[in-house]
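For reference, the structure discussed in these notes is given below.
These numbers were taken from a predicted model, which means no experiment stands behind them.
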There are 2 protein chains.
Amino acid sequence: MSYTLSQLGQETSRRFAELLATTGLEPRQFALLGAVARQEGQSQQAVAGQVAIPTSTMVALVDHLEEEGLIERRPHPSDRRTRMLHLTSKGSSALDKATLLAGNWEASLCAGFNPSERSRLLELLGRVADNLGLDLLYYVS
Amino acid sequence: MSYTLSQLGQETSRRFAELLATTGLEPRQFALLGAVARQEGQSQQAVAGQVAIPTSTMVALVDHLEEEGLIERRPHPSDRRTRMLHLTSKGSSALDKATLLAGNWEASLCAGFNPSERSRLLELLGRVADNLGLDLLYYVS
DNA sequence: TATTGTTATACTCTATAACTATA
DNA sequence: TATAGTTATAGAGTATAACAATA
């Protein structure tokens, strides 16, 4: 079971990353764009906390996405230290595209499952997560 | 589903590595010892293939395990290039200990599952693996 | 000429902590 | 004095290819 979960988890991550690469995004960038989209105008540190990366790493990540024209750093009106992060229209459409891809990926994982089988699997996995004391955040259900 | 599997896989790996560390072993070392135990006297390259690491990485890995007295390099009787890998008695008992730990870990993941639930979960995961065209090697069932 | 093991090198990734400018 | 962002540096890990001995 442990081996199965590890292998499946690793393989789904790896292949989703491959699929996502067709949009020019890495998984972490996808997560970052999603976090910015959920609430525009957040500081870099706020977003860094949500995607669980150190702020120093955040800088290069944002640099890159800004160079690609997917997000913007805008000055904070009252605090000149902080940069507010916003999606550009290009970033927004990239996120939409990646989100669509993620949906397809979900579907392909569960190909041949009927709804009750799919929810049964999620329920059993949820119990494993409980046994680990892990609470999963369902960005994508 | 994809997110759930990724998170669960990553977390089970991470925590098992932590647990395993109490025996002084890393997961890769555990895998290597297991491969050697399955058939003693294999060459480094043969074992490297089984644990899926490049031969250059293998050298330092074997160096370390040899320094710790867990495995031995022995000369091949007819080919002076190859080194035959063997478990020492210390290595054998370390492997036994780690294997026991892995069994406990398996059990704790499925705590509260009755046998049919457990096999149902494995079956559903197997179907996901099929959808990925992935065939899982069950070292530990 | 090919193969086993070894070594060296270069590269990525990341974490830590120092630094700046603001507050 | 504390905080947001930035930069610099150092460390782990890994992959690549060159190398020596042997086949």
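Regarding contacts with the backbone of D:dT22, every side-chain N or O of B:Arg83 stays at 4.0 angstrom or more from both OP1 and OP2. Taking only side-chain nitrogens and oxygens, B:Gln45 comes nearer than 4.0 Å to OP1 or OP2 of C:dT4. For C:dC13, the OP1/OP2 oxygens have no side-chain nitrogen or oxygen of A:Arg28 closer than 4.0 Å.
Straight-line distance from the CG atom of B:Asp63 to the C1' atom of C:dG5: 11 Å, rounded to whole Å. The CE atom of A:Met58 sits 14 Å away from the P atom of C:dT14 (whole-angstrom rounding). Here the C1' atom of nucleotide D:dA23 and the NE2 atom of B:His76 are 12 Å apart, to the nearest Å. For the pair B:Leu61 CG and C:dT7 C1', the interatomic distance rounds to 16 Å; values are reported in whole Å. As rounded to whole Å, 11 Å separates atom P of D:dG5 from atom CD of A:Gln42.
A donor-acceptor contact shorter than 3.5 Å links the side chain of A:Gln42 to the backbone of A:Gln39. B:Ser92 contributes no side-chain N or O that, together with a main-chain N or O of B:Thr88, makes up a donor-acceptor pair within less than 3.5 Å. In this structure, the side chain of A:Glu26 does not engage the main chain of A:Ala21 through any donor-acceptor pair within 3.5 Å.
A side-chain donor-acceptor contact under 3.5 Å links B:Ser6 and A:Ser13. For the residue pair A:Gln44 and A:Arg73, a side-chain donor N or O sits within less than 3.5 Å of a side-chain acceptor on the partner. Side-chain contact, A:His86 with A:Glu40: a donor N or O sits under 3.5 Å from an acceptor N or O.
Both B:Glu26 and A:Thr55 lie near DNA chain D, and the one whose nearest nucleotide falls closer to the 5' end is A:Thr55.
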Restricting to nitrogen or oxygen on both sides, can you table the protein-nucleotides 15-22 of chain C pairs closer than 3.5 Å?
{"residue": "C:dT16", "atom": "O4", "partner": "A:Ser56", "partner atom": "OG", "Å": "3.0"}

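Comparing D:dT6, C:dT4, C:dT7 by their nearest atom to the side chain of B:Val59 picks out C:dT7.
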